Amino acid sequence: MARNEQDITQNIDWLTVLIYAACVTMGLFNVYAAIYDPEEQTKLFDLSNSAGRQLMFIGSAVFIIIAILVIDHKFWEAFARIIYGFSIFLLLAVLVFGSEIKGSHSWIKLGSFSLQPAEFSKIGTALMVSKFITQPNVNLNKFKDKLWVAGILILPMLLILVSKETGCALVFASFMIVLYREGIEGIYPAMLLIAIVLFILSLFFPILYICLGLAALAAIVYRFIIPRYDRSKKTLINLSLVFGMMMLFVSSVDFFTKHVLQPHQRKRIDVLINPKADPTGKGWNVIQSKIAIGSGRLWGKGFLDGTQTKFNFVPEQHSDFIFCTIGEEHGFVGSAAVVLLILGLMCRIIFLAERQRTRFARAYGYCVAGILFFHFLVNIGMTIGLMVVIGIPLPFFSYGGSSMWAFTILLFIFLKLDAQRPYTLSRT
């Protein structure tokens, strides 16, 4: 056996593993707190409840980690296309053989267990994107290569949308982070950010005001920002086209929300704009979530002492709304600790990604960081009423086998690649 394979465990970044273990452990106890019934004295090791099953998912994740560390690190780059293709096959299989759970037709039932292929499709897509941009003839500034990358991302997104799993589909927007790091022009992430901002503004303000604001912005840009020597007719036409497209986009938001989104999705947007619009319906989760978090104050009510939690005021509190339990029982201090822990994990991944000697490993590291960041931002944002409720888990904290395994695989594939860095020749 080669020396680098014998000593592979010595090169694992143990700080990242420690943060992962801390997140998983804290997540387990908060899932237990979310489902704990003081009258029945709910047992942590009882597989009939969510906490017991989560413990089983964590135990099986350990075997997954061992398998990833045993597999040769070259496997992931060599078989990236096959893994991506298999993830697409699973998404197609869901459309034919899938089961509907809570309005989402994105689950494959295996006896008493349900698997969500959409969670694992992020792994295949991350590997495929990293593999594609690693090829020596690929340049992300070429139109053809941009189309290929767009196709790699859009295909799983569309299949997930068809299965009515909008939240999972939106996660693929996070891949813009790795594309920007690997050389795509800054205009593309800027356009994505502008589109998000305009979409949000269009929800809160009348279209007329937004269009007048864009027209004023165009005039200011042309008058003060564009240098005098560049005020050609072509520049004016290009500027007019850009702001014209923005106005068209803003005008289409109303049509999109009323005629494209499903009724429950429109209701969730209405609730974001006005939380009291449906206080006993779609607005219930967010209102009760904010009450639970606010009631924790600075230090929290204590482990297993959350009243909002115990009386099940917040539905799905052990999964999508797990941050409510953290806020109520551990207060601002505990919530801040969790936020800093997850941010620390993402910063560590970016640090490790930047020191990689191969472009594939670096790009994949940024994919992992981007996916974790999107989940972190949206999940916590929706529990405190700053984001639309789209039902995506908080990494390593929320209940769920598919999400636990998918995030574990994502992270430890990268740690395996990083562990081989001392023995890898530089390829950028």
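Computed over heavy atoms, backbone and side chain alike; hydrogens, waters and symmetry mates excluded. Note that this is a predicted model, so its numbers are computed, not measured.
Listed by chain and number, the residues in a side chain to side chain donor-acceptor pair (under 3.5 Å) with Ser174 amount to none (sequence neighbours excluded). Residues passing the side chain to side chain contact (heavy atoms under 4.5 Å, CB included) test with Phe86 are Phe89, Leu90, sequence neighbours excluded.
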- Task: List the steps, then state whether side chain to side chain donor-acceptor pair (under 3.5 Å) holds for Gln356 with Asp418.
- Result: CA-CA 7 Å; Gln356 298 306 306; Asp418 177 68; 2.7 Å; yes
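Every pair tested for ring pair (Phe, Tyr, Trp, His ring centres under 6.0 Å) that includes a residue from residues 322-342 fails, sequence neighbours excluded, so the list is empty.
The number of heavy-atom neighbours closer than 6.0 Å to OH of Tyr180, taken from other residues, nucleotides and ligands shown, is 12 or below. Within a 6.0 Å radius of CE in Met191, no more than 12 heavy atoms belonging to other residues, nucleotides or ligands are found. The number of heavy atoms from other shown groups lying within 6.0 Å of CZ (Arg355) is above 12.
Just one of Phe376, Trp405, Phe407 meets the ring pair (Phe, Tyr, Trp, His ring centres under 6.0 Å) condition when paired with Phe396; it is Phe407. Of the candidates Leu377, Ile371, Val378, Val378 is the only one forming a side chain to side chain contact (heavy atoms under 4.5 Å, CB included) with Phe374.
The pair Glu354-Arg181 meets the salt-bridge criterion, since a charged nitrogen lies less than 4.0 angstrom from a carboxylate oxygen. Salt bridge status for Glu119 with Lys122: present, with a side-chain N to carboxylate O gap under 4.0 Å.
Interatomic distance, CD of Glu185 versus CG of Leu179, reported as 11.0 Å (0.5 Å rounding).
At distances below 3.5 Å, at least one donor-acceptor pair connects side-chain atoms of Lys416 with backbone N or O atoms of Leu69.
One side chain, Glu165 or Gln116, offers a donor N or O that lies under 3.5 Å from an acceptor on the other.
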